[in-house]
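What follows is a short report on a single structure.
Just so you know, these numbers come straight off a predicted model, no measurement behind them.
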Amino acid sequence: MLPAGVAAAIAVVAFAVARPDPTPPPEGAAPEATSTPTAPAGSAPASVTPSDLQPWPSAVGACGSDASLPLLSVGPLRVNTGLTVLVGGAGVRLVDVDTGDVRRLRAAGAGRGGQVTELAASQAGLHAVRLRCADLMAPAGTVLSLNARRLTLSAALPGRIDALLSGPDSVWAFSYPTDLATGPMVLQPVDGDRSVTLPIGFEAAVATDQFFLGSLIRDGEQPADGGFDIAAVSRADPSDLRRLGHGYVLAATDRFALTYRDCDPARTCALIWTRTRVGAATRSFPLPAGRALASEVVLSANEQYAAFQLSRPNPDPRYDPGHPGGPSDLAVQDLRTGTLSLVPGVELAPKSTAGLAFSRDGRWLVIALNEGRRARLLVWRPGLDRPMQSPARLPGGILYNVPVLDVTGRAFITSP
């Protein structure tokens, strides 16, 4: 169960507006001073009419998109994290979080421009997906591989793909079939190994050392009772399929799967910890009342923490987000103690997503934010009263989210 006081803590988090500035700050400039935090969410006077509400701050990003800016209360980086990260969005950049040094990776034979919407790492290497503005109506991108010594990117696979599926030892590229219920999902390893054809109706969401985990979708089926049937498919024998329950797979290891069911406002949502080999739910992590998942889930390498966006039940009355849905907070669930922590000082607009990654030792949560014409990089760990901002300057228009990946300690990475 959630520890006492977590629900109460939700109401006392204060935020400051991160507003666009006329020009990106110069390289090496000191972090911006933060504004005085506004009143806690939900504290707007009842007499304020909708016509008087301040619009959600925004900035124009790549491809003419309109990015809703996060509301932030952050401080400068005052400790040595030792982190080196890859950051996507407007290209791929290698960033020293502490010094703010940035190296942009050059495209070698892969063309230029476009948005990097995914980053993936495994024993097979580091890979990215690049999407061009012309591809937005049919979002199929190009797979790029990183030459870490030369800090260059090159095309890894012919043709166009929809997304990447990362496992500990490999990264697969795939395109969705026209109908999952009648056509198989085919995974193509980026490292050039043999492709994997999954059972018809099975949509892979997570890869572990031994399994693919995902949803079983029958012809014409719509999500019922909060999701689909969940199954595990053996990597050694894709015809070996076992059902594990109902809902959606969020993250998994060879030891357990973290799953979730959609729930209506009258019910309390929960994350479910399920043993991969047994298929029986062994732990439940209830979310605060009226709250639900608002993003994908990132699992720490030590299997202790899960990070995600947690929706607020109602729109913030001080702002007009322009479309339905509430803002969201960033949350970290401790899977060992059951403690749910909200990251103070970060409020995301409805339908906005943050790039999230844990450091490889599990100590830090790295947060990359889309601010339209630039990305902002934050770090946080339990016990801090607000995130700390890296001095790194990352200009360039952003289309969607900003993927981020910790590459600290990888021997083949050249430090900035």
Side-chain angles (χ1 to χ4, degrees), residues 79-88 94-98 118-128 146 148 164-172 190-191 204-213 232 235 249-260 271-277 283 285 293 295-309 330-341 343 354-368 377-384 387 390 401-413 415:
V79 300
N80 181 25
T81 67
L83 293 175
T84 301
V85 299
L86 284 178
V87 181
L94 187 65
V95 180
D96 186 312
V97 171
D98 299 329
E118 289 190 55
L119 295 171
S122 73
Q123 296 173 12
L126 300 169
H127 308 283
L146 165 66
L164 297 177
L165 182 68
S166 301
D169 58 344
S170 189
V171 174
W172 294 268
V190 179
D191 59 11
V206 178
T208 74
D209 281 322
Q210 300 181 32
F211 305 99
F212 298 113
L213 291 97
R235 284 180 52 177
V249 176
L250 303 174
T253 70
D254 284 325
R255 195 168 61 89
F256 70 90
L258 197 63
T259 66
Y260 173 78
L271 305 181
I272 307 298
W273 194 99
T274 301
R275 291 192 182 278
T276 308
R277 296 182 182 277
R283 294 197 70 183
F285 301 98
L293 285 182
S295 73
E296 296 181 349
V297 170
V298 175
L299 191 66
S300 63
N302 61 6
E303 303 181 5
Q304 180 173 356
Y305 300 107
F308 48 89
Q309 290 175 220
L330 298 179
V332 175
Q333 177 70 62
D334 190 320
L335 301 177
R336 295 179 186 173
T337 67
T339 301
L340 178 70
S341 301
V343 178
L356 301 176
F358 282 104
S359 60
R360 297 175 69 200
D361 61 8
R363 295 181 64 239
W364 293 98
L365 177 65
V366 184
I367 305 163
L377 196 61
L378 311 175
V379 292
W380 182 82
R381 65 186 180 194
L384 293 179
S390 169
N401 66 319
V402 184
V404 62
L405 186 66
D406 178 26
V407 293
T408 308
R410 290 185 179 268
F412 52 85
I413 282 286
S415 299

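Summarising the geometry, atom CG belonging to Leu330 is positioned 12.0 Å from atom OG belonging to Ser341; distances are rounded to the nearest 0.5 Å. To the nearest 0.5 angstrom, Asn302 atom CG is 8.5 Å from Phe358 atom CZ. Distance check, rounded to the nearest 0.5 Å: CD of Gln210 to CG of Asp254 gives 4.5 Å. In this structure, the separation between OG1 on Thr208 and CZ on Arg255 is 12.5 Å, given to the nearest 0.5 Å. Rounded to the nearest 0.5 Å, atoms CG (Leu86) and CG (Leu126) are 6.0 Å apart. The CG atom of Leu356 sits 10.5 Å away from atom CG of Leu378, with the distance rounded to the nearest 0.5 Å.
Listed here is the closest heavy atom pair of Phe285 and Gly338: CE2-CA, 3.9 Å. The two atoms that bring Val402 and Ala368 nearest to each other are O-CB, 3.4 Å, heavy atoms only. Contact detail for Ser300 and Gly362: the closest heavy-atom pair is CB-CA, 4.5 Å. Taking every heavy atom of both residues into account, Pro403 and Glu118 meet most closely at CG-N, 3.9 Å. The minimum heavy-atom distance between Arg360 and Thr408, with the atom names listed, is NH1-O, 2.7 Å. Annotation for Asp98 and Gly82: closest pair OD2-N, 2.7 Å, computed over non-hydrogen atoms.
In this structure, the side chains of Val85 and Leu405 stay at 4.5 Å or more apart for every pair of heavy atoms. You'll find the side chain of Leu271 reaches within 4.5 Å of the side chain of Leu293, heavy atoms only. Contact annotation: the side chain of Trp172 approaches that of Phe212 to within less than 4.5 Å [non-hydrogen atoms, C-beta and beyond]. When side chains are defined from C-beta on, Val97 does not count as touching Thr84, because their heavy atoms never get closer than 4.5 Å. Taking the side chain as every heavy atom from C-beta outward, Trp273 and Thr259 never approach each other to under 4.5 Å. In this structure, the side chains of Leu299 and Thr253 come closer than 4.5 Å at one or more pairs of heavy atoms. Looking at heavy atoms from C-beta onward, His127 lies in side-chain contact with Val171 at the 4.5 angstrom threshold. Side-chain atoms of Val379 and Leu365, non-hydrogen and from C-beta on, never get closer than 4.5 Å to each other.
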Derivation of the side-chain contact (heavy atoms from CB on, under 4.5 Å) call for Val404 and Leu119: CA-CA 7 Å; Val404 62; Leu119 295 171; 5.6 Å; no
Derivation and outcome, ring pair (Phe, Tyr, Trp, His ring centres under 6.0 Å), residues Trp364 and Tyr305: CA-CA 10 Å; Trp364 293 98; Tyr305 300 107; over 10 Å; no
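Under 3.5 Å, the side chains of Ser359 and Asp406 contain no donor-acceptor pair of N or O atoms.
Residues that satisfy the salt bridge (Lys or Arg N to Asp or Glu O under 4.0 Å) test with Arg235, not counting sequence neighbours, are Asp169. For Ser295, the side chain to side chain contact (heavy atoms under 4.5 Å, CB included) test picks out Phe308, Gln309, with sequence neighbours left out.
Looking at Arg283, its side chain does come within 3.5 Å of a backbone N or O of Arg336 through a donor-acceptor pair.
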